[in-house]
Amino acid sequence: MKKLENQFVLTGTVVVEPTVKAFEKASVARFALAITRTERKGDNTIYVTSQVNFEAWRKNEEAAAFDMLKKGELVTVKGFFKPEEWEDSVSHERKSRTGFAAKEFYLAEELTGDAPVPAEAQ
């Protein structure tokens, strides 16, 4: 049987400064990247941008790694999909979503080509 992998690698532009919260032994950074891809519509090339939200945990001694997550920086994130479920406190309905947990992140090399920088990241 093949080994199933739950992982992703995405490169995008940091949209806003991350929110960082420190706890007793670890810290969490929540941040968003603008991810752009191209589509062909006849003879035209259009750029489609989506915002992807991430969560990254580090031990407090390693929390300085969050300093590279500055608005406008081009960053590559490696991580895994994190299914989340909860009960809505008002309607009592079961809710779910898939989160993006960042295990690694680092500054990416500048892209070549004519892809625009998303406005929300400028």
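Scope of the values below: all heavy atoms of this structure, side chains included, with no hydrogens, waters or symmetry mates.
- Comment: Lys95 does not engage Glu87 in a salt bridge, judged by the lack of any side-chain N to carboxylate O separation of less than 4.0 angstrom.
- Between the side chain of Asn6 and the backbone N or O of Phe81, at least one donor-acceptor pair lies under 3.5 Å.
- Aromatic pair Trp57/Phe23: centroids less than 6.0 angstrom apart.
- Following chains of ILVMFWY side-chain contacts shorter than 4.5 Å, one can reach Leu33 starting from Val20, so the two form part of one hydrophobic cluster.
- Salt bridge Lys71/Glu73: absent, no basic N to carboxylate O contact under 4.0 Å.
- Val14 and Val28 fall into different hydrophobic clusters, where Ile, Leu, Val, Met, Phe, Trp and Tyr residues are linked whenever their side-chain heavy atoms come under 4.5 Å apart, directly or through other members.
- Judged by distance alone, the side chains of Thr49 and Thr36 do bring a donor and an acceptor atom under 3.5 Å apart.
- Residues Glu85 and Ser96 come closest through the heavy atom pair CG-CB, 4.0 Å.
- Separation of atoms CZ (Phe100) and CG (Leu10) is listed at 6.5 Å; rounding is to 0.5 Å.
- Minimum interatomic distance between Val90 and Asp88 (heavy atoms only, all atoms of both residues): N-OD1, 2.8 Å.
- Contact record, Phe66 with Ala56: CZ-O, 3.5 Å, taken as the closest heavy-atom pair.
- Of all heavy-atom pairs between Ala26 and Asn60, the closest is C-OD1, 3.0 Å.
- The distance from the CD atom of Gln7 to the NZ atom of Lys103 is 8.0 Å, given to the nearest 0.5 Å.
- Connection of Phe80 to Ile35 is not established within any shared hydrophobic cluster, with ILVMFWY side chains joined at heavy-atom distances below 4.5 Å, either directly or through further cluster members.
- In terms of heavy-atom proximity, Pro18 sits nearest to Phe31 at CB-CB, 3.7 Å.
- Here the CG-CD distance, from Asn44 to Glu39, works out to 12.0 Å after rounding to the nearest 0.5 Å.
- Atoms CD1 and CZ, on Ile46 and Arg37 in that order, are 8.0 Å from each other to the nearest 0.5 Å.
- Using a 4.5 Å heavy-atom threshold, the side chains of Val75 and Val77 count as touching.
- How far CE of Met68 is from CG of Leu107: 5.0 Å, rounded to the nearest 0.5 Å.
- In this structure, a donor-acceptor pair under 3.5 Å is absent between the side chains of Glu84 and Trp86.
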* Trace of the side chain to side chain contact (heavy atoms under 4.5 Å, CB included) decision for Phe54 with Arg30 -> CA-CA 6 Å; Phe54 298 92; Arg30 292 184 175 90; over 6 Å; no
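- The line from CZ of Phe105 to OG1 of Thr11 is 14.0 Å long, rounded to the nearest 0.5 Å.
- The closest side-chain heavy-atom distance from Lys25 to Lys59 is not below 4.5 Å.
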